[in-house]
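Below is one structure, written out as structure tokens; comments come after it.
Whatever order the structure lists them in is the order used to number ligands and atoms, beginning at 1.
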Amino acid sequence: MQDFEGRVAVITGGASGVGFGQAQVFGRLGCRIAIIDVRRDALDEAAARLADEGIDVYAVPLDIRDRDAWVRAVDEIEAHFADTVSLLFNTAGVNGFGPLDAATYADFDWVLGVNLGGVVNGIQTVLPRMIRAGRGGHIVSVASMAGFEGSPVAGIYAASKAAVITLMESYALSLGAHGIGVSVLCPASVRTDIAHALERRPDDLADGSSFRDDPGFVAAQQRLYEGGMDPVELAEHVRHAIEHDLLHVLPFIETREGLRRHQERILAAYDDYRTDPAAAAERLRAFDRYRTESGRLRAAEPHPATH
Ligand code: NAI
């Protein structure tokens, strides 16, 4: 996708950090920007800053875990701009660090609910409208380099981001026929407010947490992210991905060697087992037959979103 002028872009987490950088970059390209965030004050402040730059911006408070509120929010955005959504940025996310063996259900529900559930809800709300509008578009979800490897202290976060990566890979395999591009952004460290994510934890999931919130730890985290990439620079990489229809957005070159080593460790696991090559070849033939057959069946069916 190359024509950003006048397109409506919805950006979750748009009040801060990565999402705010996306609002600036795509707003400057002429998109009409809807920023969504759970923090109303921060949202209003962000909208005012974007408007000062001359960006056509509309702000909608929303907890992205809330499916009904998503429908109302997108109805409101489409009515405001008198147009359908062409770009969806699932950017809002939260993190907490603590020992995984002390994690509570509330920890899981919060991090998975926002980081994975929020992405699912955004796509479930916007994608059918994009398909019906028939004008193409692009969906970007923000995962993390953390989604490629487990972590003893951010295991829930890593699981949520791993799910976002494979979900977006799956959408990329599914949406080509509709002219809708898909990208998954995997940042390492970005200069944002994410060290303060625990302050966004909702009251309904406040009880019992394994996540560290002592001021010394939060301050150390803050210093780490202060050394990260600028959100505007990151959003320019996302623009490049959209313009060239690239799925994996991996602009943090310093993580390349670690990812390669991790993938090699996974591949090396095959060597731990003695297997029968003839049986493997037979399984492959069964897969090939299944692919051919299921492809034939799929081609004969109407698509539910267009009928
Ligand atoms: P941030 O904390 O500056 O911005 C996140 C925004 O999401 C905040 O404005 C927050 O109010 C909003 N938010 C939180 N829960 C929400 C909910 N339930 N509904 C709606 N909005 C909600 O953090 P940052 O860094 O900009 O985070 C953006 C994305 O980037 C996240 O998905 C994060 O996991 C990802 N990321 C960030 C990295 C970094 O180093 N900052 C590294 C890797 C990934």
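Counting atoms of ligand 1 from 1 in the listed order, those under 4.0 Å from a heavy atom of Asp193 are 2 (O), 3 (O). Taking every heavy atom of Gly17 and a limit of under 4.0 angstrom, the matching atoms of ligand 1 come to 3 (O), 26 (O). Less than 4.0 angstrom separates some heavy atom of Arg39 from each of these atoms of ligand 1: 8 (C), 9 (O), 10 (C), 11 (O). Of all the atoms in ligand 1, the ones that sit under 4.0 Å from a non-hydrogen atom of Lys161 are 31 (C), 32 (O), 33 (C), 34 (O). For ligand 1, the atoms lying closer than 4.0 Å to a non-hydrogen atom of Asp63 are 17 (C), 18 (N), 19 (N).
Within 6.0 Å of the CZ atom in Arg129, the count of heavy atoms belonging to other residues, nucleotides or ligands exceeds 12. Applying the 6.0 Å contact sphere to CG of Asp276 captures more than 12 heavy atoms from other residues, nucleotides or ligands.
If you check the side chains of Thr12 and Asn90, you find no donor sitting under 3.5 Å from an acceptor. A donor atom on one side chain and an acceptor atom on the other are not found under 3.5 Å apart for His196 and Gln221. For the residue pair Ser183 and His138, a side-chain donor N or O sits within less than 3.5 Å of a side-chain acceptor on the partner.
Taking 4.0 Å as the cut-off, Thr12 does not count as a neighbour of ligand 1 on heavy-atom distance. Within the 4.0 Å heavy-atom shell around ligand 1 one does not find Ala197. Under the 4.0 angstrom criterion for non-hydrogen atoms, Ala188 is in contact with ligand 1. Residue contact check for ligand 1: Tyr157 places a non-hydrogen atom closer than 4.0 Å to it. No heavy atom of Cys186 sits closer than 4.0 Å to any atom of ligand 1. Judged by the shortest distance from any of its heavy atoms, Asn95 lies outside the 4.0 Å radius around the atoms of ligand 1.
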**OP:** Give the C-alpha distance, both sets of side-chain angles, the deciding distance and a yes or no for side chain to side chain contact (heavy atoms under 4.5 Å, CB included) between Glu169 and His248.
**Re:** CA-CA 8 Å; Glu169 288 174 350; His248 297 101; 2.7 Å; yes

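What sits closest to atom 25 (O) of ligand 1 on the protein, heavy atoms only, is Thr192 OG1, 2.6 Å. Summary of contacts: the protein heavy atom closest to atom 5 (C) of ligand 1 is Gly93 O, 4.0 Å. Protein heavy atom closest to atom 26 (O) of ligand 1, with residue, atom name and distance, is Val18 N, 2.8 Å. Nearest protein heavy-atom neighbour of atom 1 (P) of ligand 1: Ser16 OG, 3.6 Å. Summary of contacts: the protein heavy atom closest to atom 39 (C) of ligand 1 is Val190 N, 3.4 Å. Looking only at protein heavy atoms, the nearest one to atom 37 (C) of ligand 1 is Ile194 CD1, 4.1 Å. At the shortest separation from atom 9 (O) of ligand 1 among protein heavy atoms lies Asp37 OD2, 2.7 Å.
A salt bridge between Glu236 and Arg239 is present, with a side-chain N of the basic residue lying under 4.0 Å from a carboxylate O of the acidic one. Contact check on Asp204 versus Arg65 returns a salt bridge, with a Lys/Arg side-chain nitrogen under 4.0 Å from an Asp/Glu carboxylate oxygen.
A side-chain donor-acceptor contact under 3.5 Å links Arg191 to the backbone of Gly228. Distance alone, capped at 3.5 Å, places no donor-acceptor pair between the Asp37 side chain and the Leu43 backbone. Judged purely by atom type and a 3.5 angstrom limit, Asn121 uses its side chain to pair as donor or acceptor with the backbone of Gly117. A donor-acceptor pair under 3.5 Å is formed between the side chain of Arg32 and the backbone N or O of Phe81.
For ligand 1, none of its N or O atoms has an N or O atom of Val94 under 3.5 Å away. The shortest N or O to N or O distance between Ser144 and ligand 1 is not below 3.5 Å.
Between Phe26 and Phe4, the ring planes lie perpendicular to each other; the angle is over 60°, past the 30° to 60° tilted range.
Of the options Arg65, Arg200, His196, the smallest heavy-atom separation from atom 2 (O) of ligand 1 is shown by Arg200. Comparing heavy-atom distances from atom 13 (N) of ligand 1 across Val38, Asp66, Val111 singles out Val38 as nearest. Distances from atom 31 (C) of ligand 1 to the heavy atoms of Thr91, Leu62, Val142, Ile64 put Thr91 nearest.
Residues Arg212 and Val153 have side chains not in contact (no heavy-atom distance under 4.5 Å, counting atoms from C-beta outward).
With a heavy-atom cut-off of 4.0 Å, Val114 touches ligand 1 through its side chain alone.
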